[in-house]
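For reference, positions follow the sequence shown, starting with 1.
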Amino acid sequence: MSSPIVHPTAIVGSGAQLGQGVKIGPYCIVGDNVVLRDNVELLSHVSIDGHTELGADSRVFPFASIGHEPQDRKYHGEASRVEIGERCVIRESATINPGTEGGGMVTRIGNDCLIMAGAHVAHDAILGNNVIMANYVGIAGHCQIGDNVTFGGMCVVHQFTRVGAHAFVGAASMVDGDIIPYGMAVGNRASLTGLNLIGLKRRKFDREAIHRLRAAYRLIFASEGTLRERVEDAAELFKNDPLVQDVVAFIAAASDRPILLPRNGHDVD
């Protein structure tokens, strides 16, 4: 691997750590406490500040802003962090803010994420691996986003909301409740519209496992009894099924936000 290449018009703080093969393009600004791991590329006009680490082989496009102080009036200059994993792509004008003392002091993004133009990840949000945020998606503070979640363009997600792994959120949705793993949601305000069957099939989930998950979904979101009773029934009936148990555990862990439900109470697809 080669030594870092820094364009003459870029400004790089004396304390910044640059890995092998790093490329910093024209008019970029990199702060003193920034760490760029091997083969990171900043194309041009990128501004990265604060205690920010960007994982190996990641690429950042023009006018992205990463690590600058969060848009939270409770922030008082604490040395909070942004941690971004490997092979992430952050497109034009995306913004990512660090954590706060009132949260976990860190905003964390996993590996292989795609954050498209104009998208925003707020303070203390935690994103898993392989998350796709289409253009102008807004993730508010303290949200938790699981692995392999996809957001259509112009979605917004209410603070403290959880989105379970492998979920899909349709374009222009306003999400103000937790979305179960493997779920699909759409609308303003969003409602659960079924399971992300296309995503599950694309990721080669076992056909029988998908059938069991659909059966559990029908049970959990049926119209009879309470949600808690139906979740307990599903937990017992599908006690050896890991996908169903993921959903059961997710619902059981609910705290700040309500669980998103089907609009009619019993959608099954």
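Under a hydrophobic clustering in which Ile, Leu, Val, Met, Phe, Trp and Tyr are joined whenever their side-chain heavy atoms come within less than 4.5 Å, directly or via other members, Ile84 and Val35 fall into different clusters. Clustering ILVMFWY residues whenever any of their side-chain heavy atoms sit less than 4.5 angstrom apart, transitively, puts Ile259 in the very cluster that holds Val231. With hydrophobic clusters built from ILVMFWY side chains whose heavy atoms lie under 4.5 angstrom apart, Ile29 does not share a cluster with Ile90. Residues Met133 and Ile126 fall into different hydrophobic clusters, defined by Ile, Leu, Val, Met, Phe, Trp and Tyr side chains chained together at heavy-atom separations under 4.5 Å.
Atoms OG1 and CG, from Thr100 and Asp124 in turn, are 3.5 Å apart once rounded to the nearest 0.5 Å. Leu195 contributes atom CG, which lies 8.0 Å from atom CE of Met184 (distance to the nearest 0.5 angstrom). Within the model, atoms CG of Leu237 and CZ of Arg212 stand 11.0 Å from one another, a figure rounded to the nearest 0.5 Å. Here the SG-CG distance, from Cys113 to Asn111, works out to 7.5 Å after rounding to the nearest 0.5 Å. If you take CD1 on Ile180 and CD1 on Ile220, they are separated by 6.5 Å, rounding to the nearest 0.5 Å. Atom-to-atom distance recorded for Gln159:CD and Ile139:CD1 is 12.0 Å, nearest 0.5 angstrom.
When all heavy atoms are compared, the tightest approach of Gly164 to Val149 is O-CG2, 3.2 Å. Nearest heavy atom pair, residue Asn196 against residue Ala167, reads ND2-C, 4.1 Å. Of all heavy-atom pairs spanning Ala122 and Gly141, the tightest one is CB-N, 3.4 Å. Across every non-hydrogen atom of Gly25 and Ala10, the tightest pair is O-CB, 3.6 Å. Considering every non-hydrogen atom in both Phe160 and Arg257, the closest pair reads O-CG, 3.4 Å. Between Gly99 and Pro70, the closest heavy-atom pair is O-CG, 4.1 Å.
Side-chain atoms of Ser58 come within 3.5 Å of backbone atoms of Gly85 as a donor-acceptor pair (strictly under, hydrogens ignored). In this structure a side-chain-to-backbone donor-acceptor pair under 3.5 Å is missing from Thr161 to Cys143. The backbone N or O of Glu224 lies less than 3.5 Å from a partner atom in the side chain of Arg230, making a donor-acceptor pair. A donor-acceptor contact shorter than 3.5 Å is absent between the side chain of Glu236 and the backbone of Asp233. Looking only at distances, no side-chain donor or acceptor of Gln245 sits under 3.5 Å from a matching main-chain atom of Asn240. Without hydrogens or angle criteria, Glu78 side chain to Glu101 main chain gives a donor-acceptor distance under 3.5 Å.
Hydrophobic side-chain contacts under 4.5 Å tie Phe61 into a cluster, directly or through other members, with Leu43, Val89, Leu114, Met116, Ile132. In this structure, Tyr136 shares a hydrophobic cluster with Met154, the cluster being traced through Ile, Leu, Val, Met, Phe, Trp and Tyr side chains under 4.5 angstrom apart. Val186 forms part of no hydrophobic cluster, judged by ILVMFWY side-chain heavy-atom separations under 4.5 Å.
Side-chain contact check for Leu213 versus Leu200: some heavy-atom pair is nearer than 4.5 Å. Residues Glu83 and Ile109 have side chains not in contact (no heavy-atom distance under 4.5 Å, counting atoms from C-beta outward). The shortest side-chain heavy-atom distance between Tyr217 and Val247 does not fall under the 4.5 Å cut-off. Within the 4.5 Å cutoff, the side chain of Glu53 has heavy atoms near those of the Arg81 side chain. In this structure, Leu36 and Thr52 have side chains that are not in contact, with every pair of non-hydrogen atoms separated by 4.5 Å or more. Side chains of Leu197 and Tyr182 form no contact here, defined as non-hydrogen atoms less than 4.5 Å apart. Within the 4.5 Å cutoff, the side chain of Ile5 has no heavy atoms near those of the Val22 side chain. Using a 4.5 Å cut-off on side-chain heavy atoms (C-beta onward), Asp112 and Asn129 make no contact.
Between Arg87 and Asp57, no side-chain nitrogen of the basic residue sits less than 4.0 Å from a carboxylate oxygen of the acidic one, so the salt-bridge criterion is not met. A salt bridge links Arg189 with Asp176: the closest approach of a Lys/Arg side-chain nitrogen to an acidic carboxylate oxygen falls below 4.0 angstrom.
Judged by distance alone, the side chains of Asn130 and Asn148 do bring a donor and an acceptor atom under 3.5 Å apart. Side-chain contact annotation: Ser80 with His51, donor-acceptor N/O pair under 3.5 Å absent.
Every residue meeting the ring pair (Phe, Tyr, Trp, His ring centres under 6.0 Å) condition with His123, not counting sequence neighbours, appears here in chain and number order: His142. Legend: residues meeting ring pair (Phe, Tyr, Trp, His ring centres under 6.0 Å) with Phe250, ordered by chain and number and at least two apart, are absent. For His45, the ring pair (Phe, Tyr, Trp, His ring centres under 6.0 Å) partners are Tyr27, Phe63, not counting sequence neighbours.
Applying the side-chain contact (heavy atoms from CB on, under 4.5 Å) test between Val169 and each of Ile179, Val156, Thr150, Leu260 identifies Ile179 as the sole match.
Heavy atoms of other residues, nucleotides or ligands lying less than 6.0 angstrom from CD of Glu86 number more than 12.
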